[in-house]
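Here the structure comes first, spelled out in structure tokens, and everything after it is commentary.
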There are 2 protein chains.
Amino acid sequence: MSNKNQSREKILQAATRLFHLNGYHATGLNQILQESGAPKGSLYYHFPNGKEQLAAEAIQLSGQIIAADIRTRLNAFDDPIEAIQYNIQLIAEQFNQVEKLAELPTVPLGLLAAETALVNENLRQICEETFDMWDNIYIEKLTSSGYSEERARLISITTNALIEGGVTLCLTRKSSEPLLQIQKMIPLLLTK
Amino acid sequence: MSNKNQSREKILQAATRLFHLNGYHATGLNQILQESGAPKGSLYYHFPNGKEQLAAEAIQLSGQIIAADIRTRLNAFDDPIEAIQYNIQLIAEQFNQVEKLAELPTVPLGLLAAETALVNENLRQICEETFDMWDNIYIEKLTSSGYSEERARLISITTNALIEGGVTLCLTRKSSEPLLQIQKMIPLLLTK
DNA sequence: GTCTATAGGCAGATAGAC
DNA sequence: GTCTATCTGCCTATAGAC
């Protein structure tokens with residue numbers, strides 16, 4: 001059982017990294033196995049439903065890691081404006097060294113979501129639940145800072161869209177600039 | 001030559017639709033040919049560099065179609081706030097009938113950009129140029145409405161990120177709601 | 001310019017020994 | 001639980017008749 005979980009975890013970690021970085025369709029099971037060091041037989045023992053199950057668990061795993069990141073960053077400042085700006089700043093900094101991108105699981109799931117939404121209902125739902133989870137973190141921070149429920153919802157959706165779109169722009173431009181620029185607009189969005 | 005261009009155009013149109021909808025890696029050449037009605041020999045006659053060339057031209061084609069859409073929409077209102085809101089509204093409405101999504105090439109290129117940015121330098125550059133083109137349309141509208149060059153740049157980047165991220169959220173939620181919500185924030189962003 | 005047939009490789013998935 | 005060998009099918013790309 002200890003071995004079982006070790007292997008499983010290694011495979012899942014490699015899958016999570018590769019799916020987020022290269023996407024669902026561009027990532028092969030062989031690639032995942034090679035990186036994790038596990039054999040193919042092992043993969044189907046631990047993930048009987050193959051690639052789809054692997055992607056489902058990968059999205060959930062990184063969804064929770066990112067949620068934890070967002071929570072600690074938002075808690076770093078009382079003022080929600082500073083807090084959200086800090087969060088975006090840290091995401092942006094990942095794009096300074098593109099090599100290091102490979103190590104970090106904190107690239108949001110826009111790619112996976114867009115790839116699967118129209119094609120795989122199961123994965124689509126998991127992405128939706130993940131976005132819900134992230135939304136709720138922002139909403140809680142904002143309502144506890146005195147924003148109305150309705151306004152908090154609006155700001156949260158907008159923030160998530162800004163981050164997902166901003167990440168796409170940073171990837172495309174090979175630069176952290178887009179998110180650093182976007183971050184400057186947060187004070188305007190958080191007008192009460 | 002008339003036949004040549006007809007075939008070429010059909011293939012390119014099918015490719016454009018499928019790439020934007022399903023992504024680069026999930027779209028097969030067979031699928032493109034089947035939809036276009038053209039034979040495989042024809043594809044490699046018209047696009048000697050195969051899939052990559054097809055994707056490159058598809059991005060450029062839809063990039064220009066979308067640019068034209070943005071231009072006419074921004075020209076529909078003098079006030080840039082109303083104009084940008086109108087543009088987002090029209091993008092959002094595409095997600096009301098998911099069936100009709102298939103017909104419209106106006107889904108921005110976030111998926112293609114994120115898929116290719118780290119993997120194919122040629123396609124990455126084309127995506128970057130396309131984003132530049134769209135940025136410039138917003139910038140021109142804003143500066144001619146009295147916004148400073150610097151502020152116009154900032155707003156344009158943010159608007160593009162909002163749209164790309166918003167589209168991802170709409171796809172994931174199978175709903176036009178996210179973009180309709182986001183649209184409400186435009187007046188705050190355009191504060192002078 | 002158009003079409004067929006097919007090469008050659010890699011994908012995801014499975015069977016069965018150990 | 002692990003590993004190898006292998007199946008089937010689809011992928012991109014090409015060769016060559018017409």
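By convention in this document, chain letters (A, B, ...) are assigned in the order of the sequence lines, proteins followed by strands, and residues within each chain are numbered from 1.
- The residue from B:Thr143, B:Asn136, B:Asp135 that alone fulfils the side chain to side chain contact (heavy atoms under 4.5 Å, CB included) condition with B:Ser156 is B:Asp135.
- A salt bridge links B:Arg17 with B:Glu35: the distance from a Lys NZ or Arg NE/NH1/NH2 to an Asp or Glu carboxylate oxygen falls below 4.0 Å.
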Note to self: Checking A:Glu149 against A:Arg153 for the salt bridge (Lys or Arg N to Asp or Glu O under 4.0 Å) test, could you report, in this order, the C-alpha distance in whole Å, the side-chain angles of both residues, the deciding distance, and whether it holds?
What the structure shows: CA-CA 6 Å; A:Glu149 174 88 26; A:Arg153 280 216 123 69; 2.8 Å; yes
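- One interatomic measurement links the two molecules: NZ of A:Lys51 to P of C:dA13, which rounds to 8 Å at whole-angstrom precision.
- B:Phe47 places its CZ atom 14 Å from the C1' atom of C:dG1, with the value rounded to the nearest Å.
- For the OP1/OP2 pair of D:dT2 and a distance below 4.0 Å, the side-chain nitrogens and oxygens of A:Tyr45 include no atom meeting the criterion.
- Not one side-chain nitrogen or oxygen of B:His25 sits closer than 4.0 Å to the OP1 or OP2 atom of D:dC11.
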When you compare the protein's N or O atoms with those of nucleotides 14-18 of chain C, which come within less than 3.5 Å of each other, and at what distance?
none

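- Sorted by first and then second residue, the ring pair (Phe, Tyr, Trp, His ring centres under 6.0 Å) pairs with a member in residues 152-172 of chain A form an empty list; sequence neighbours excluded.
- The pair B:Glu115-B:Arg124 does not meet the salt-bridge criterion, since no charged nitrogen lies less than 4.0 angstrom from a carboxylate oxygen.
- In this structure, the NE2 atom of B:His46 is 12 Å from the C1' atom of C:dC3, given to the nearest Å.
- The ring pair (Phe, Tyr, Trp, His ring centres under 6.0 Å) pairs that include a residue from residues 49-84 of chain B are B:Phe77-B:Tyr86, where partners are two or more places apart or lie in different chains.
- For the contact set between residues 28-36 of chain A and DNA chain D, defined by any heavy atom under 4.0 Å, there are no members.
- Contacts of B:Arg71 classified as side chain to side chain contact (heavy atoms under 4.5 Å, CB included), with partners at least two apart in sequence or in another chain: B:Ala67, B:Ile137.
- A sub-4.0 Å separation between OP1 or OP2 of D:dG1 and a side-chain N or O of A:Ser42 is absent.
- Among residue pairs with one or both ends in residues 133-192 of chain B, those qualifying as ring pair (Phe, Tyr, Trp, His ring centres under 6.0 Å) are B:Phe131-B:Trp134; sequence neighbours excluded.
- Contact check, A:Ser7 against D:dT2: a side-chain N or O comes under 4.0 Å of OP1 or OP2.
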